[in-house]
Amino acid sequence: MVHKDYESLPVVFEDVAIHRATIVLKSGPVTFTVNFTYIGKRFEVSEGGSIVCTGCMYFPDETEKKSLSLCFQESDAKTLSLNSNDIYKELKLRGYEYGPNFQGIIGSDMEGSKGLLKWIGEWVVFLDAVLQFSVLSIQEKDLALPTRIEKLLIDPIVHKTSIKKSLKKYGGKCY
């Protein structure tokens, strides 16, 4: 077991399968159960006795963390021809409708391969924007729900550094 603060511990999720959606109502809490096996590094999330999500989770080594250098660069911002209004209009035409708190995509290139996401201090909202972006990159215009994640690397230290840069660059706004 790793005894480290989660706000500084990078994590990798691989071969994630989303088996079903969970409806969250305002009327009451939803309880998830998470099981993790350290030997196979497999996890399982269930709700109400039914499996919601499965996959593999582990802590990356230094070599894998260096792959983050392939992330979005400041020069990429110049190629983002679609703004937030364009993006959410397109997603609405495809059958998706997001309230203002969940409109986290700021801009995108035409292919949906590079984009800028908003950070409001909430991981759920941010990761939902990541999923929205993956849907945006699908060329078919039909309603499609993401059911698999091949690989997702989250490094909170790199994330915090990006946030600090963004706050300076955009005058207190975080992108």
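Computed over heavy atoms, backbone and side chain alike; hydrogens, waters and symmetry mates excluded.
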Can you list, pair by pair, the side-chain donor-acceptor contacts under 3.5 Å of residues 98-109, counting residues two or more places apart and other chains?
| from | atom 1 | to | atom 2 | distance (Å) |
| --- | --- | --- | --- | --- |
| Q103 | NE2 | Y98 | O | 2.8 |
| D109 | OD1 | G112 | N | 2.9 |
| D109 | OD1 | S113 | N | 2.9 |
| D109 | OD1 | K114 | N | 3.2 |
| D109 | OD2 | S113 | OG | 2.7 |
| D109 | OD2 | K114 | N | 3.4 |

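- Nearest heavy atom pair, residue P60 against residue P10, reads CD-O, 3.3 Å.
- Applying the salt bridge (Lys or Arg N to Asp or Glu O under 4.0 Å) rule to pairs touching residues 92-108 yields E90-R94, K92-E97, sequence neighbours excluded.
- A distance of 12.0 Å separates CE of M110 from CG of L80, quoted to the nearest 0.5 Å.
- Clustering of Ile, Leu, Val, Met, Phe, Trp and Tyr by side-chain heavy atoms under 4.5 Å joins I23 with L25.
- Within the structure, every pair that satisfies the side-chain hydrogen bond (donor to acceptor under 3.5 Å, both in side chains) test and touches residues 17-35, not counting sequence neighbours, is listed here: H19-T54, R20-E47, R20-S50.
- Linking ILVMFWY residues whenever their side-chain heavy atoms come closer than 4.5 Å, directly or via other members, places I120 and L117 in the same cluster.
- Between I149 and L152, the closest heavy-atom pair is CG2-CB, 4.0 Å.
- Closest non-hydrogen pair, R148 versus D15, comes out as NH2-O, 4.5 Å.
- Applying the ring-ring contact (aromatic ring centres under 6.0 Å, His included) criterion to Y96, with sequence neighbours excluded, gives no partner residue.
- Residues satisfying the side-chain contact (heavy atoms from CB on, under 4.5 Å) criterion with E7, sequence neighbours excluded, are D5, K160.
- There is no path of hydrophobic side-chain contacts, each under 4.5 Å, that joins I51 to V16.
- Under the ring-ring contact (aromatic ring centres under 6.0 Å, His included) criterion, F43 pairs with F13, not counting sequence neighbours.
- Summarising the geometry of P146 relative to I18, their closest heavy-atom pair is O-CD1, 3.8 Å, with the distance given to 0.1 Å.
- The hydrophobic clustering, which links ILVMFWY residues whose side-chain heavy atoms are closer than 4.5 Å, places L9 and I157 apart.
- Side-chain heavy atoms closer than 4.5 Å link hydrophobic residues (I, L, V, M, F, W, Y) into clusters, and following such links, possibly through other members, connects V11 to L127.
- Y58 OH to L153 CG: the interatomic distance, rounded to the nearest 0.5 Å, is 8.0 Å.
- Residue pairs meeting the salt bridge (Lys or Arg N to Asp or Glu O under 4.0 Å) criterion with at least one partner in residues 29-46, sequence neighbours excluded, do not occur; the list is empty.
- Within the model, atoms CD1 of I154 and CE of M57 stand 10.5 Å from one another, a figure rounded to the nearest 0.5 Å.
- For the ring-ring contact (aromatic ring centres under 6.0 Å, His included) test, residues two or more places apart in sequence or in another chain that qualify with H159 are W119, W123, F126.
- In this view, F133 satisfies the ring-ring contact (aromatic ring centres under 6.0 Å, His included) rule with no residue, not counting sequence neighbours.
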